[in-house]
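The first residue in the sequence is number 1, and the count goes up from there. Quick caveat: nothing in here was measured; it's all calculated off a predicted structure. Below, each value reflects all heavy atoms present in this structure, side chains not excepted, and no hydrogens, waters or symmetry copies.
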Amino acid sequence: MLKFLASISLLALTCAPAMAGDASEVVKAFYADPGSEYQLENRDRFVDPVLKFLVDSDAAWNRDETVCIDFVFSIDGQDFDLEEITRTLKLDETVNGDTARVMAHFTNFDNPTEVEWTLVHSSAGWQVSDIASLTNEWRVSDMTCQ
């Protein structure tokens with residue numbers, strides 16, 4: 001009987017879902033819904049410096065309607081063809097300990113685009129710490145919002 005219970009317990013552990021997805025899965029979610037990186041319900045997916053920039057941006061808007069973000073980070077632009085992005089999206093992940101880099105390669109209106117996502121792993125899983133465009137040479141960690 002004890003052997004049977006141990007087998008059942010082992011089976012349950014191997015069938016249980018993983019507690020945290022890989023870094024690419026975190027990034028992929030933002031391409032399913034471009035612009036969702038700005039939604040308050042997604043703030044737990046970020047840590048500083050991106051989180052600080054998003055919070056500062058919200059504060060500037062609430063204070064005097066200052067716009068600090070005028071494009072969608074995930075797609076590196078204002079307008080997008082979701083069907084084209086979805087069809088062409090390729091994610092390359094490199095993990096080094098508790099840090100990951102996910103390169104998003106896609107085309108948007110026939111323009112090749114590369115966005116680099118830096119993530120850190122914590123008890124909350126993989127969280128985005130920086131986003132950068134290799135195409136247009138910007139990095140959230142270099143941005144300020146007053």
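More than 12 heavy atoms of other residues, nucleotides or ligands sit less than 6.0 Å from atom CG of Asn62. Few gaps surround CD on Glu41; more than 12 heavy atoms of other groups in view lie less than 6.0 Å from it.
Among all heavy-atom pairs drawn from Asp48 and Leu51, the shortest one is OD1-CB, 3.6 Å. Between Lys52 and Asp56, the closest heavy-atom pair is NZ-OD2, 2.6 Å. Across all non-hydrogen atoms, the minimal contact from Glu93 to Ala23 is OE1-N, 3.5 Å. The nearest pair of heavy atoms linking Ala100 to Val95 is CB-CG2, 4.0 Å. Minimum interatomic distance between Ile85 and Tyr31 (heavy atoms only, all atoms of both residues): CG2-CD2, 4.1 Å. For the residue pair Glu84 and Thr107, the shortest heavy atom distance occurs at OE2-OG1, 2.9 Å.
Ser36 places a side-chain N or O within 3.5 Å of a backbone atom of Asp33 that can act as its donor or acceptor partner. At least one donor-acceptor pair under 3.5 Å links the side chain of Asn108 to the backbone N or O of Asp81. Here the side chain of Arg43 pairs a donor or acceptor atom with the backbone of Tyr38 at under 3.5 angstrom. Remark: the backbone N or O of Phe53 is not paired with any side-chain donor or acceptor of Ser57 at under 3.5 angstrom. The main-chain N or O of Pro49 is never found under 3.5 Å from a side-chain atom of Ser141 such that the two would form a donor-acceptor pair. Although no hydrogens or angles enter the test, the distance criterion places no donor-acceptor pair under 3.5 Å between the side chain of Asn136 and the main chain of Gly77. Under the 3.5 Å distance criterion, the side-chain polar atoms of Asn42 are left unmatched by any main-chain donor or acceptor of Glu37.
Between the side chains of Glu114 and Thr135, no donor-acceptor pair of N or O atoms lies under 3.5 Å. At a cut-off of 3.5 Å, with distance as the only test, no side-chain donor of Asp76 or Thr113 sits close to an acceptor on the other residue.
Residues Ile75 and Leu82 fail the side-chain proximity criterion, which asks for heavy atoms closer than 4.5 Å. Side-chain contact between Ile131 and Arg139 is absent, with no heavy atoms from C-beta onward closer than 4.5 Å. Val120 is listed as a side-chain neighbour of Val47, based on a closest heavy-atom distance under 4.5 Å. Asp92 is not listed as a side-chain neighbour of Val102, based on a closest heavy-atom distance of 4.5 Å or more. For the pair Val26/Val128, a side-chain contact is recorded, criterion being any heavy-atom separation below 4.5 Å from C-beta on. At a threshold of 4.5 Å between non-hydrogen side-chain atoms, the residues Met143 and Ile69 do not count as touching.
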Passes side chain to side chain contact (heavy atoms under 4.5 Å, CB included), Gln78 versus Val72? Steps please.
CA-CA 6 Å; Gln78 293 177 332; Val72 179; over 6 Å; no
Stepwise ring-ring contact (aromatic ring centres under 6.0 Å, His included) test for Phe106 and Phe30
CA-CA 13 Å; Phe106 57 91; Phe30 292 111; over 10 Å; no
Could you give me the CA-CA distance, side-chain angles and deciding distance for Asp130 and Leu119, then say whether side chain to side chain contact (heavy atoms under 4.5 Å, CB included) is met?
CA-CA 7 Å; Asp130 207 357; Leu119 298 93; over 6 Å; no
Can you check ring-ring contact (aromatic ring centres under 6.0 Å, His included) on Trp138 and Phe71, steps first, answer last?
CA-CA 12 Å; Trp138 54 261; Phe71 67 100; 5.1 Å; yes
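Annotation: Trp117 is not in aromatic contact with Phe73 [ring centroid separation under 6.0 Å not met].
Under 4.0 Å is where a charged nitrogen must lie from a carboxylate oxygen, and between Arg101 and Glu116 at least one such pair does. In summary, Lys28 and Asp22 do not engage in a salt bridge, as defined by a charged side-chain N under 4.0 Å from a carboxylate O.
Between the CG atom in Leu91 and the CD atom in Glu25 there is a gap of 8.5 Å [rounded to 0.5 Å].
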